[in-house]
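First the structure, in the form of C-alpha cells, and then the observations on it.
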Amino acid sequence: MRGRNFLILMAAAVAMLMAFQPYAAGYGTFRLTLLEELLLRWKDPTWQHGLLAPLIAGWLVWRQRAELAALPVQGRFSGWLAAGVALLAYFGGYKANNYYLGAFAVQLFLAGVVVTCLGWAHARRLCFAWLMLGFMWPLVFLEDSLSFRLRVLMVETTSFVLNGIGLDTIREGTALISSPGAGRAAGELFSLKVDGPCSGMRSLFALLMVSALFGYFRQKSLPRRLLLFLAGFPLAVLANMARLLILIGGTMLFGQEFAVGDQEKEVSTFHFVSGLVVYLVALLGLQGLSRLMGGMAAGNPAPLPNLVPVMKVCWPGPVLMVLGAAGSLAACRLSPEVRAGDAAGVVMELPTAVGRFLGQPMEKDAAEKALLPEDTQLVKMQYRSPGSAEDRDVAQVTLVLAGAERRSIHRPEVCLDGQGWTLLDSRVLDVEVLPGRFLPVKDLLVERQVRMKDGGSRTLRAHYAYWFIGTDVTTPSNARRVWLSTWDNIFRNINHRWAYASITCWVTENLQPAESGQRVRDSEMSAAVVRELIRLLAPKFQKELREARGAESL
C-alpha cells in the first residue's frame, strides 16, 4: 500500500472516532463528539494553544518525510495490543461519559497504528510529534486543582518577595494587600486580587509546549531536552510573579484604576499589556538556560535531505485498523444509553430549624460564583444555637448539586486553598446518623490568617467536614467518587449526578465571644458540633437516609 493511501485510511479511522460518534454528555441529555468538545474548549484562552498542536505535529512529521521513507517497514504485533486497549478505552469512555478516556484512546490508537503498520523504527522517529499532538487535548479538570494551587503559590511567592524587599504585605486568601502603617490604612498603597487568569494556568501549558519545541531544536540529548521542558514549570511561575510585581508597582505609581482596572468588570490596558511580560520572561529564561547547556551540547542536528521518497506499507494493517475503529463505534451505537443522572441523591433543601439550631439562608460568595458553572445548584445555611455569644454555637452548612458539567463537583480542598486556608490534618469520621447506620465523612482541620478590626492579624482554625453523595452511593473520597462514576456508568448504566455536603465550624479557643459571636471551643469541641449537625441534617436531605429512616418508623 502506498503511503498516500495509508494516510487516507488512517485519517478516516481517526475522523470516525473523533467526529462521527457523539461521545461525552456530562450530566446533560446531549452528547458532543470529541471534535466538538475540542472546538468548544479551544475558544477558552487557557487552551487556545491546543489548536496549534495538530499543525505543529503535522509539520514535524512532514519535515522528517525523507528519513521516514528510508526506514524499513517492519510492523509489530505489539501495536495491535496498544490499538486494542485504545478501542476498549474509547468504548469505556463513551459509556462513562468521560471525555478524557476518549482523548487517551485516540492518542494511544495513533501510536498503535504506527507500531502495527510501520514498526518501532518509525515510532521512535515520530515519538516527539506524537507527544506534541498531546497538547491539543484540553485538561479542563486541572482548572479545579492546579489553577488554585498556582494562585496560592503565586500569592505566597510574591508576598515573600515584597516583604523581603521591605514592602510589608498581607496575604488574604489569593489577595495581596499593603500593610497598614505611617498613617496609611491596610490596602491604601495597593490591593490586588489574584484571579484565575493571573494564576499562570493560561500561560503554563502554552509555555510547556514552547519549551518542548525549544528543547527539541536546540539540544540533541534527551536529558537536556527534558530539562528545558521541565524548566517551563518554574519559568511560568517566575514570569507570572514578574507580572504581579509590575501590576503592584503600577498601582503604587499610577493608581489602581490605571494599573489594574475594575477587576469585577474590565481590566485596564496596562493590565492587559502586562500579560506580554509572562512570555517575554519565560522565553528569555529558556534562551538563557539553552545557552548555558549549549556549550556542552554536541552540535546541532544535521539538515534533512530534500528528497521525497514514497513510503510503502503492508496493506492488511491499515484496513484492519479502520475495521477495528468501526467496530468500536458500532459497540457504542448498539450499547444501551446510560441514564442521564436526573435522579440526584439529595433533596436540595435545608431545614430552618433542626435540633437546638436555627438556620438562616446565605447567598453564594464571590469565589463560588466565579468557580461553579451557572447551572450548579447550591444551598447554604448558617446554623446558630440560641443564647448569648458566650453559650452559642455557629456552623455553616452547604449543599452543592452538579449541573450539566462534571466540574461542578470537585474536591473542597481546591476551594479552601484558594480562600487562603492551609490544611493541617485530614481524617475520616464515622458518624452514626441512624441506629447502627454510620456515615463516613472527611474532616479537615484548616487554618488561615484573618485581619482584626485593629489592623492586626490572628490565626483562625476551623473544622471542614464533607462527603460526596451519588444516586445511591456515598463516599468521603474524591478518588473513589471518580472510580464509582466510571464503574457504574459502564457496568450499571447509572450516571451519578453527584452532590456534596459540607459543614464548617470555627475553632474559637483563641478568640473572645465578642470577636467570634460564639462560645470558646477547642478543636475537639468544634468537631463535636460538626458531628452533631451531621447526625441531625443528613437524614433530612440525603434521600437514601430519608428512606431508611422512614422504613424504620413503619
Side-chain angles (χ1 to χ4, degrees), residues 45-57 59-60 64 100 103-104 107-108 111 123-158 160-161 194 196-245 275-301 414 417:
T46 303
W47 306 106
Q48 282 178 343
H49 66 275
L51 178 62
L52 298 175
L55 302 177
I56 293 172
W59 174 73
L60 288 170
Q64 296 184 92
Y100 302 106
F104 166 78
Q107 193 79 11
L108 184 61
R124 283 190 291 270
R125 286 283 185 181
L126 293 171
C127 182
F128 183 71
W130 180 77
L131 291 173
M132 289 301 300
L133 188 65
F135 280 101
M136 79 175 180
W137 304 107
L139 305 179
V140 183
F141 69 94
L142 292 177
E143 293 181 4
D144 292 335
S145 53
L146 183 59
S147 178
F148 267 103
R149 295 190 182 279
L150 279 174
R151 285 171 65 182
V152 173
L153 178 61
M154 289 303 311
V155 172
E156 289 179 341
T157 305
T158 307
F160 176 79
V161 171
V194 182
C198 295
S199 68
M201 271 293 290
R202 285 189 177 179
S203 56
L204 175 61
F205 287 94
L207 287 175
L208 287 177
M209 186 169 73
V210 170
S211 63
L213 284 168
F214 207 92
Y216 180 74
F217 287 107
R218 296 302 297 270
Q219 300 295 326
K220 289 192 67 175
S221 68
L222 179 60
R224 290 170 187 163
R225 289 175 173 176
L226 185 60
L227 179 59
L228 273 180
F229 171 72
L230 295 177
F233 289 95
L235 285 174
V237 174
L238 180 64
N240 277 278
M241 185 182 69
R243 184 190 186 194
L244 292 182
L245 293 174
L276 299 176
V277 173
V278 174
Y279 296 96
L280 180 61
V281 171
L283 289 174
L284 288 174
L286 286 173
Q287 177 68 12
L289 184 57
S290 180
R291 284 197 173 188
L292 183 63
M293 294 187 295
M296 301 176 288
N300 296 319
V414 172
D417 266 350

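These numbers come from a predicted model, not from an experiment. We number each residue from 1, following the sequence as shown. When reading the values below, keep in mind they use all heavy atoms of this one structure, side chains included, and skip hydrogens, waters and symmetry mates.
- Annotation: side chain to side chain donor-acceptor pair (under 3.5 Å) contacts of W137 (sequence neighbours excluded): Q107.
- Heavy atoms only, all atoms of each residue included: M241 and T157 are closest at SD-CG2, 3.3 Å.
- From R125, atom CZ reaches atom CD of Q64 across 6.5 Å, with rounding to the nearest 0.5 Å.
- Note that the CG atom of L289 and the CG atom of L227 stand 5.0 Å from one another [nearest 0.5 Å].
- R243 places no side-chain N or O within 3.5 Å of a backbone atom of V278 that could act as its donor or acceptor partner.
- The two residues M209 and M132 make their nearest non-hydrogen contact at CG-CE, 3.3 Å.
- In this structure, the side chains of V210 and Y279 stay at 4.5 Å or more apart for every pair of heavy atoms.
- In this structure, the side chain of S290 does not engage the main chain of L286 through any donor-acceptor pair within 3.5 Å.
- Between the CD1 atom in I56 and the CZ atom in F135 there is a gap of 9.5 Å [rounded to 0.5 Å].
- Side-chain contact between L60 and Y216: present, with at least one pair of heavy atoms (C-beta onward) separated by less than 4.5 Å.
- Looking only at side-chain heavy atoms (C-beta outward), V281 and L235 stay at 4.5 Å or farther from each other.
- For Q287, the side chain to side chain donor-acceptor pair (under 3.5 Å) partners at least two apart in sequence or on another chain are R218.
- Residues W47 and V140 meet the side-chain proximity criterion, which asks for heavy atoms closer than 4.5 Å.
- Separating the CG atom in L207 from the CZ atom in F229 is a distance of 11.0 Å, to the nearest 0.5 Å.
- Looking only at side-chain heavy atoms (C-beta outward), M136 and L51 stay at 4.5 Å or farther from each other.
- One finds the CG atom of L55 at 10.5 Å from the CG atom of L133 (value rounded to the nearest 0.5 Å).
- In this structure, CG in L52 is found 10.0 Å from CG in L213, a value given to the nearest 0.5 Å.
- With sequence neighbours excluded, the residues satisfying side-chain contact (heavy atoms from CB on, under 4.5 Å) with L230 are L226, F233.
- In terms of heavy atoms, A57 sits closest to A129 at CB-O, 3.4 Å.
- The nearest pair of heavy atoms linking A282 to A239 is N-CB, 4.2 Å.
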